[in-house]
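Here's a structure for you.
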Amino acid sequence: MDTVFSKIVRGEIPADIVYDDAATIAFLDINPTQKGHVLVVPKEPYPNLLEIDADLLGHLAVVAQTIARAQVEALQCAGTNLIMNSGTAAGQEIFHAHFHVIPRFEGDNALLPPNKTEYAEGEAGTIAVSLRTAVGNLLSNGS
Ligand code: AMP
């Protein structure tokens, strides 16, 4: 599927590029959560976290770490949010997997604090068992 990010990769629409290699491009988000907010995008357009090639995901994470270090150096930010929205329920708008690297400053309130919920008695144990089983199944299937 062609996305706006693929158009940026091909140079068909402009972007403020901060990094480029054979597999990855990183550029400023056009509607930043904070000034200096960077998107780290694989050149190959996997739709989301579940689909992206594992080695490419690892490379993307390393590039995101370098971008975060660059934000500290260039913008003197005090922290970073590294986010990948996967699926509409998680707020994904562009179905071309990407990391958001968001520089944060003390007290900037750039992101809402996350919701904190609670488990009923015994519920955490049940959920952990079902997740452990699913992880075991995925690993034994080589996923
Ligand atoms: P997501 O909701 O995780 O899919 O994030 C998509 C992000 O892409 C949003 O933060 C948008 O502001 C950003 N975006 C959309 N179009 C462009 C563009 N042409 N250049 C840079 N960022 C863009």
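Note that the structure is predicted; figures quoted are calculated from it, not measured. Both counts, for ligands and for their atoms, begin at 1 and track the order of listing.
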**Q.** Any I8 heavy atom less than 4.0 Å from ligand 1
**A.**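 I8 counts as a contact of ligand 1 under the 4.0 Å cut-off.
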Q) Quick one: which ligand 1 atoms are inside 4.0 Å of a heavy atom on N85? A)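 With N85 as reference, the close atoms of ligand 1 come out as 1 (P), 2 (O), 3 (O).
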Q.
With no hydrogens and no angle check, just 3.5 Å: does a side-chain donor-acceptor pair link Y46 and N48?
A.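 Note: Y46 and N48 side chains miss the donor-acceptor criterion.
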(Q) Would you say OH of Y119 has more than 12 non-hydrogen atoms from neighbouring residues, nucleotides or ligands within 6.0 angstrom? (A)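 No, the 6.0 Å shell around OH holds no more than 12 heavy atoms from other groups.
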Q) Less than 3.5 Å between some nitrogen or oxygen of I94 and one of ligand 1, yes or no? A)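 Yes, at least one N or O pair falls under 3.5 Å.
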Q.
Tell me whether T33 reaches ligand 1 (any heavy atom closer than 4.0 angstrom to a ligand atom).
A.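 It does not, in that no heavy atom of T33 comes within the 4.0 Å cut-off of ligand 1.
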Q: Below 4.0 angstrom from a heavy atom of D29, which ligand 1 atoms are there? Numbered from 1 as shown, please.
A: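 Numbered from 1, ligand 1 contributes 7 (C), 8 (O), 9 (C), 10 (O), 11 (C), 12 (O), 13 (C), 22 (N).
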Q | SB check K35 D29 (cutoff 4.0 Å) | A |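 Judged by the 4.0 Å cut-off on N to carboxylate O distance, K35 and D29 do not form a salt bridge.
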**Q.** Atom indices of ligand 1 within 4.0 angstrom of L28 heavy atoms, with elements
**A.**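 Checking each atom against L28, I get 21 (C).
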Q: Run the numbers for me: atoms of ligand 1, each under 4.0 Å from some heavy atom of L39, listed by number.
A: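 Near L39, the atoms of ligand 1 are 8 (O), 13 (C), 22 (N).
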Q: Look at the aromatic rings of H100 and H37 and report parallel, tilted or perpendicular, splitting at 30° and 60°.
A: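 Tilted: the ring planes of H100 and H37 meet at 30° to 60°.
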Q) Counting only N and O atoms by type, is there a donor-acceptor contact under 3.5 Å from the side chain of T133 to the main-chain atoms of V129? A)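 Yes, because the side chain of T133 sits within donor-acceptor range (under 3.5 Å) of the backbone of V129.
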Q | Part of F27 with heavy atoms under 4.0 Å of ligand 1, whether side chain, backbone, both or neither | A |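 Side chain only.
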Q) What's the spacing between T33 OG1 and L111 CG if we round to 0.5 Å? A)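 Answer rounded to 0.5 Å: 5.5 Å.
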Q. So, is H37 polar-close to ligand 1, with some N/O to N/O distance under 3.5 Å?
A.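 Checking ligand 1 against H37, no N or O pair falls under 3.5 Å apart.
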Q.
Looking only at distances, can you tell me whether any N or O atom of Q92, backbone or side chain, sits closer than 3.5 Å to an N or O atom of ligand 1?
A.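 In fact, backbone or side chain, Q92 has no N or O that close.
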Q.
What I want to know is whether G91 and ligand 1 share at least one N or O pair that is separated by under 3.5 angstrom.
A.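 It does: an N or O of G91 is found under 3.5 Å from an N or O of ligand 1.
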Q) Does F5 have a non-hydrogen atom less than 4.0 Å from ligand 1? A)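 The answer is yes, since F5 has a heavy atom less than 4.0 Å from ligand 1.
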Q. Where the closest heavy atom to atom 6 (C) of ligand 1 is concerned, which of K7, H98, H96, M84 has it?
A.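 The residue whose heavy atom sits nearest atom 6 (C) of ligand 1 is H98.
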Q. Can you name the residues that form a side chain to side chain donor-acceptor pair (under 3.5 Å) with E12, not counting sequence neighbours?
A.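 If we apply the side chain to side chain donor-acceptor pair (under 3.5 Å) test to E12, skipping adjacent residues, the hits are R10.
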Q. Which protein non-hydrogen atom lies closest to atom 19 (N) of ligand 1, naming both residue and atom, and how far is it?
A.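 Ranking protein heavy atoms by distance from atom 19 (N) of ligand 1, first comes V4 CG2, 3.8 Å.
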Q | E123 CD: over 12 foreign heavy atoms closer than 6.0 Å | A |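 Check passes, neighbour count above 12.
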Q) Closest approach of D21 and H59, non-hydrogen atoms and distance? A)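 That closest heavy-atom pairing would be OD2-NE2, 2.8 Å.
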Q | Spatial distance of atom NE2 (H98) from atom CG (L49) [nearest 0.5 Å] | A |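 Those atoms lie 11.5 Å apart.
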Q | Nearest-contact summary for atom 22 (N) of ligand 1 - protein heavy atom, Å | A |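 Nearest protein contact, heavy atoms only, for atom 22 (N) of ligand 1 is I30 N, 3.1 Å.
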